[in-house]
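We name chains A, B, ... by the order of the sequence lines, and we start the count at 1 in each one. These values consider heavy atoms only, across backbone and side chains, with no hydrogens, waters or symmetry-generated copies.
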There are 2 protein chains.
Amino acid sequence: MSGVRAQQKEKTRRLLVEAALNQLSAERSFSSLSLREVAKEAGLAPTSFYRHFTDMNELGLTLVDEAGLTLRQLMRQARQRIAKGGSVIQISVETFMELIESNGNVFRLLLRERSGTSSAFRAAVIREIRYFTMELCDYLQQANDLDSEVAYMQANAAVTIVFSAGSDALDMEDSAERQQLSKQTIQQLRFIARGAAELSDRRKLSRRSRK
Amino acid sequence: MSGVRAQQKEKTRRLLVEAALNQLSAERSFSSLSLREVAKEAGLAPTSFYRHFTDMNELGLTLVDEAGLTLRQLMRQARQRIAKGGSVIQISVETFMELIESNGNVFRLLLRERSGTSSAFRAAVIREIRYFTMELCDYLQQANDLDSEVAYMQANAAVTIVFSAGSDALDMEDSAERQQLSKQTIQQLRFIARGAAELSDRRKLSRRSRK
DNA sequence: TATAATAGCGTACACGTGTACGCTTAAATT
DNA sequence: AATTTAAGCGTACACGTGTACGCTATTATA
């Protein structure tokens, strides 16, 4: 079992995955991709597709996993940069925007198929985003000593804002425009952080006075 | 020119529009609808479709206009309720959620096709949302005496949050769950309002001291 | 009243789709 | 060395798609 065969198989499987990702663009969503198109882009006969996935749906779920991986990579990268000091919000947004620039198509998948057509698909995307939100929630709760419910609301709002900005950024070619968007997003996150901190403080006070 | 003919035409045109709207659901986006499906749902022969629209694309733009109308209706309704007193944010969110419950498919169109496949389509949706944002921006600026840039950032963030919540609400069957979502959304908007008010105040102070 | 315009239909076509089936060829197993 | 396994291909099929074309029936115009 030298595995030269399994190795080849993995290789062309990658080919399919990459082919699907490459076909994504502003005008082309995953759900509008056909099995034959993907196979052709990968240089395979349509029927060979089935040796790797039963379905376009299954390929899609694989892509979502890939996207989740990228998202976790994003978090790691941001944490490293934050450890070196600087504004947490600014660093996070800038890291996110960088990753969108280099992995555009992966994010297109998450952003577009979130309210897409297939229910299994939507569920998978939503799960990845929820995971991302929860991580952020934990961080906020610990770092800023927030009420847990407040931390969740803040994390949820922040993720919504950032992902929406990311979606907008994907359709921008001008880099100055992107920078402007980054700046605005950072400010909006600060709004949210400010409001969350205040509510958390108020809740702490009312809890203390009740005792 | 009694117009009985033009009247009939308008009537079946409506039939097509309604047919398209009725076919929208969690599993069915507009871009996945075929001309033949819509025609069949309307009780027409496929080729009769062309007597009213050149394209599915053109039908789509008509639907977006319809959605814009609904959006403006929302604003009017909210303003009326606000005039009677109460929390502006709470009333706005609740009005929005009501309209989503009664006009689900119209909103599905806006929320899903925002990053959809056709560029003319995306542009139209984005335009409607921008118009909505601008209206809110004017209101905020005037009612809360905000810096204009700050007002825009607040309006933009608020619309993002509310539309995202609306999108989530569309996939909920449980009404208690929806209520919980409303509550959370209201709180998130308050975060943003708080942060915006503070920044606006700070800017005013720095402007005054500079003079 | 005679003529023109037009909403709606049925037929027909070329095209892209998913996928069933059997074959080949090379790796894996015995 | 003989046999089994399986990746990839080509052919073939039924189906749904958009739409061109000509016809009919009814309303609008002259």
Side-chain angles (χ1 to χ4, degrees), chain A residues 1-25 27-63 112-113 116-121, chain B residues 1-25 27-63 112-113 116-121:
Chain A
M1 52 166 167
S2 75
V4 40
R5 184 167 221 153
Q7 206 171 323
Q8 253 306 325
K9 180 164 189 182
E10 188 52 33
K11 205 169 151 191
T12 75
R13 191 189 139 104
R14 263 334 279 174
L15 235 53
L16 281 170
V17 170
E18 300 290 340
L21 271 179
N22 284 339
Q23 309 233 35
L24 296 182
S25 74
E27 347 290 318
R28 219 81 172 70
S29 74
F30 178 80
S31 34
S32 80
L33 249 52
S34 77
L35 186 153
R36 286 173 109 106
E37 281 175 313
V38 174
K40 180 182 247 181
E41 172 85 7
L44 288 187
T47 48
S48 300
F49 182 96
Y50 296 108
R51 302 294 185 191
H52 303 273
F53 304 97
T54 70
D55 228 24
M56 276 296 283
N57 227 314
E58 195 176 301
L59 208 199
L61 293 180
T62 302
L63 289 188
R112 196 161 289 168
E113 240 66 29
T117 211
S118 148
S119 94
F121 220 77
Chain B
M1 52 165 169
S2 75
V4 40
R5 184 165 221 156
Q7 205 172 323
Q8 252 306 324
K9 181 164 189 182
E10 187 54 33
K11 205 168 150 192
T12 74
R13 191 189 138 104
R14 267 326 288 171
L15 234 54
L16 280 170
V17 170
E18 299 290 341
L21 271 179
N22 284 339
Q23 307 234 37
L24 295 183
S25 74
E27 349 288 318
R28 218 80 172 71
S29 74
F30 177 80
S31 33
S32 80
L33 249 52
S34 79
L35 185 154
R36 286 173 110 107
E37 280 175 315
V38 174
K40 179 182 246 180
E41 171 85 9
L44 289 187
T47 50
S48 299
F49 182 96
Y50 297 106
R51 302 294 184 192
H52 304 273
F53 304 97
T54 71
D55 231 21
M56 276 296 283
N57 227 314
E58 195 175 300
L59 208 200
L61 294 180
T62 303
L63 288 188
R112 196 161 290 170
E113 240 66 29
T117 210
S118 147
S119 94
F121 220 78

List, one per line, each side-chain donor-acceptor pair under 3.5 Å for residues 12-21 of chain B, sequence neighbours excluded.
from: B/T12; atom 1: OG1; to: B/K9; atom 2: O; distance (Å): 3.3
from: B/T12; atom 1: OG1; to: B/H52; atom 2: NE2; distance (Å): 3.1
from: B/R14; atom 1: NH1; to: B/E66; atom 2: OE2; distance (Å): 3.2
from: B/R14; atom 1: NH2; to: B/E18; atom 2: OE2; distance (Å): 2.7
from: B/R14; atom 1: NH2; to: B/E66; atom 2: OE2; distance (Å): 2.8

Task: A/E10: partners by salt bridge (Lys or Arg N to Asp or Glu O under 4.0 Å), with sequence neighbours left out - done: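 With sequence neighbours excluded, A/E10 shows a salt bridge (Lys or Arg N to Asp or Glu O under 4.0 Å) to no residue whatsoever.
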
- [ ] Kindly write out the residues that satisfy salt bridge (Lys or Arg N to Asp or Glu O under 4.0 Å) with B/E58, not counting sequence neighbours, or none if the list is empty.
- [x]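 For B/E58 there are no salt bridge (Lys or Arg N to Asp or Glu O under 4.0 Å) partners, ignoring immediate neighbours.
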
Task: Set of side chain to side chain donor-acceptor pair (under 3.5 Å) partners for A/S34, sequence neighbours left out - done: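 For A/S34, the residues satisfying side chain to side chain donor-acceptor pair (under 3.5 Å) (neighbours in sequence not counted) are A/E37.
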
Open item on the list: Once side chain to side chain donor-acceptor pair (under 3.5 Å) is applied, do any residues pair with B/S29, and if so which ones, sequence neighbours excluded?
Closed with: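 Side chain to side chain donor-acceptor pair (under 3.5 Å) check on B/S29 returns B/S31.
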
Open item on the list: Suppose we screen for side-chain contact (heavy atoms from CB on, under 4.5 Å). Which residues come up paired with A/T47, at least two apart in sequence or across chains?
Closed with: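 A/A45.
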
Task: side-chain contact (heavy atoms from CB on, under 4.5 Å) involving A/R51 - partner list, sequence neighbours excluded - done: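 With neighbours one apart ignored, the set is empty.
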
Starting at [atom1] of [X] and ending at [atom2] of [N], how long is that distance when rounded to a whole Å?
X     : N      : atom1 : atom2 : result
B/H52 : C/dC9  : NE2   : C1'   : 12 Å
B/Q7  : C/dA7  : CD    : C1'   : 15 Å
A/Q8  : C/dA28 : CD    : P     : 11 Å
B/F49 : C/dG8  : CZ    : P     : 13 Å
B/L44 : C/dC9  : CG    : C1'   : 10 Å
A/R13 : D/dA7  : CZ    : P     : 12 Å

Task: Verdict with supporting geometry, A/F53 and A/L35, side chain to side chain contact (heavy atoms under 4.5 Å, CB included) - done: CA-CA 10 Å; A/F53 304 97; A/L35 186 153; over 6 Å; no

Open item on the list: Across nucleotides 14-26 of chain D, 5' to 3', mark each nucleotide with B, S or - according to how protein heavy atoms within less than 4.0 Å reach it.
Closed with: ---BBBB-----B

Open item on the list: Let me check the geometry of the helix from C/dT1-D/dA30 to C/dT30-D/dA1. What is the bend angle between the axes at its two ends, five pairs each, to 10°?
Closed with: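 It works out to 10° between the end axes.
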
